[in-house]
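Written out below as structure tokens is the structure these notes cover.
Letters A, B, ... are given to chains in the order of the sequence lines, protein chains preceding strands, and every chain is numbered from 1.
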2 protein chains.
Amino acid sequence: MSDRMIRLLLADDEELLRGALSSLLDLEDDLRIVAEAATTTDAVRLADQHRPDVAVLDLEMPPTDGLHAAGQILARADGTPPRIILVTRHARPAVLRRALAAGVSGFVPKSTPAARLAQIVRDVAVGHRYVDPEIAASALTENDCPLTDRELEVLREARTGSPVSDIAAAVHLAPGTVRNYLSSAMAKLGVATRHAAAHKAWEEGWI
Amino acid sequence: MSDRMIRLLLADDEELLRGALSSLLDLEDDLRIVAEAATTTDAVRLADQHRPDVAVLDLEMPPTDGLHAAGQILARADGTPPRIILVTRHARPAVLRRALAAGVSGFVPKSTPAARLAQIVRDVAVGHRYVDPEIAASALTENDCPLTDRELEVLREARTGSPVSDIAAAVHLAPGTVRNYLSSAMAKLGVATRHAAAHKAWEEGWI
DNA sequence: GGGGCTTGATGACATCTGTCATACGGGCTC
DNA sequence: GAGCCCGTATGACAGATGTCATCAAGCCCC
């Protein structure tokens, strides 16, 4: 039996969800949780240590995020890497694209019925991919992020409401340059202040 | 047996969590889920209809929020109202205070182990109150929100990055007055821009 | 009724922001 | 090498923002 068992790593910072999912998945005869993590650091370490068949990672997890952890897990595995399923609350097409590019096998929003998760795990374990149909559809129709890397970078810093001088210091650019980037980002997003731009970019999942 | 059964309403907009919790709690012999909801509107309607003993409500739920729903459920029950347990991701002392004032019986962060939830439900069902010790402690030590109602109101509008003129229109005040309120809010929070003030107030759970 | 407090408003001023034209250097391609 | 983007930087200018002093109206309290 043990070679037909699917060995799982489960990582989510919310104990409530992780605990509930863990019990639920463990009820399945062919699934076994071999490790649980609440941080990305632990997730990467435990994946190294336990070599699970499938890793179910929450996207929103400290200290970095699930996507970052996925990249590390895939990069560090020296044999066959685990298949990775990302679970997320705010399922944005932009993130889906990045996830697939990083080699993730499954992309599941938290609006998925719990009962279906076991089946998705099985599918992914045998090499299939699973992407939530809803998100896939919007990823195909939605227009891409129009912002350049630099624009995104300054917007990220602008999110907390810092003045231009602080942003400039944080990204190592001249204040005037920062204003140029902010200005063009605002124009592209059709808003009147850089804070509105940061807010919008954040809502879209671009930063 | 049926009079010893605790009848539960479970409301959370995340299918994944709601489904997992539902299966988990239903495994307990003395608990039975009688209704599930994904919105506050449904939660209120189903509470009216099914008269559960305990309602477990997520705080972050569309279209309003769990606290609002709790108030409505308590106000509309004409016999003995259901006991209410609020579950939340971002457990902030300010919210805890408002919840207790509204007559909520339990306050549980999502960092609580899933296994403990059943016991909390039982405690609350017999009339006890449960408050997460961690949050209770910070609620007692943490200093209150220093902002006035008006300051909070303008900060709420400032969150999306709107210019002063828009905020003024939204709260029906003169632009100059709005700037005064923003200015004093910024001074109280020790930040340099109104956007930083809005960000901070948001982080603290004040808006 | 007078004094004091609170809420909303106004105007003046310094500073910060957003816009735009422009410039410089490093890679590209031709 | 000439021409051409691209990223970065600067300066100038209008308008928005933050600060502050002040004022009018309403309200409470004695």
Side-chain angles (χ1 to χ4, degrees), chain A residues 68 94 97-98 101 142-207, chain B residues 94 97-98 101 143-207:
Chain A
H68 187 249
R97 282 216 188 76
R98 269 185 281 161
E142 175 183 280
N143 37 6
D144 256 338
C145 168
L147 304 171
T148 68
D149 288 350
R150 276 306 204 189
E151 286 161 0
L152 289 172
E153 203 176 342
V154 295
L155 281 184
R156 252 187 296 275
E157 294 297 326
R159 260 203 59 214
T160 49
S162 327
V164 167
S165 53
D166 290 10
I167 302 176
V171 300
H172 305 296
L173 284 175
T177 309
V178 168
R179 288 200 278 153
N180 288 336
Y181 286 132
L182 289 172
S183 181
S184 69
M186 288 157 53
K188 285 178 183 174
L189 299 181
V191 296
T193 72
R194 85 186 102 114
H195 306 283
H199 191 81
K200 184 159 187 172
W202 184 77
E203 274 189 345
E204 295 284 348
W206 294 332
I207 52 179
Chain B
R97 282 214 187 77
R98 269 185 280 160
N143 35 8
D144 257 337
C145 169
L147 304 172
T148 68
D149 287 351
R150 277 305 204 190
E151 285 162 2
L152 289 171
E153 202 177 341
V154 295
L155 280 184
R156 250 188 296 276
E157 294 298 326
R159 261 204 59 215
T160 49
S162 328
V164 167
S165 52
D166 290 9
I167 302 177
V171 299
H172 305 296
L173 284 175
T177 309
V178 169
R179 286 200 278 154
N180 288 336
Y181 285 130
L182 289 171
S183 183
S184 70
M186 287 157 53
K188 285 177 182 174
L189 299 181
V191 296
T193 71
R194 86 185 101 116
H195 306 283
H199 191 80
K200 185 159 188 173
W202 163 250
E203 274 188 344
E204 295 285 348
W206 294 332
I207 54 178

Under 3.5 Å, which N/O atoms of the protein pair with N/O atoms of nucleotides 24-28 of chain D?
none

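- Rounded to the nearest 0.5 angstrom, B:Tyr181 OH and B:Leu147 CG are separated by 12.5 Å.
- Going from atom CD of A:Glu151 over to atom C1' of C:dG18 covers 14 Å, rounded to whole Å.
- For B:His195 and D:dA16, the NE2 to P distance is 13 Å, given to the nearest whole Å.
- B:Ile167 pairs with exactly one of B:Arg179, B:Arg194, B:Arg159 by the side chain to side chain contact (heavy atoms under 4.5 Å, CB included) rule, that one being B:Arg194.
- Here the straight-line distance linking atom CG of A:Leu182 with atom CD of A:Glu151 works out to 9.0 Å at 0.5 Å rounding.
- Remark: P of D:dG18 and CG of B:Leu189 are 13 Å apart, rounded to the nearest angstrom.
- The side chain of B:Tyr181 contributes no N or O atom lying less than 4.0 Å from OP1 or OP2 of C:dT7.
- Per the geometry, CD1 belonging to B:Ile167 stands 12 Å off C1' belonging to D:dA16, to the nearest Å.
- Distance from the side chain of A:Leu173 is smallest to D:dA9 among D:dA9, C:dT10, C:dG18.
- Among all heavy-atom pairs drawn from B:Ala174 and B:Ala168, the shortest one is C-CB, 4.2 Å.
- The structure places CE of A:Met186 at 10.0 Å from CG of A:Leu155, a figure rounded to the nearest 0.5 Å.
- Among the protein residues, B:Thr193 comes within range of the sugar-phosphate backbone only, with heavy atoms under 4.0 Å from sugar or phosphate atoms but none that close to a base.
- No hydrogens or angles considered: nothing links the side chains of B:Ser162 and B:Glu157 as a donor-acceptor pair under 3.5 Å.
- A salt bridge links B:Arg150 to B:Glu153: at least one charged side-chain nitrogen sits closer than 4.0 Å to a carboxylate oxygen.
- Using a 4.0 Å cut-off, no side-chain N or O of A:Arg150 falls inside it from OP1 or OP2 of D:dG7.
- Computed from coordinates, the A:Asp166 CG to C:dC16 C1' distance equals 13 Å when rounded to whole Å.
- Atom-to-atom distance recorded for B:His199:NE2 and B:Thr193:OG1 is 10.5 Å, nearest 0.5 angstrom.
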Show the distances under 3.5 angstrom between N or O atoms of the protein and N or O atoms of nucleotides 19-21 of chain D.
{"unit_1": "D:dT19", "atom_1": "OP2", "unit_2": "B:Ser183", "atom_2": "OG", "d": "2.6"}
{"unit_1": "D:dC20", "atom_1": "N4", "unit_2": "B:Asn180", "atom_2": "OD1", "d": "3.0"}

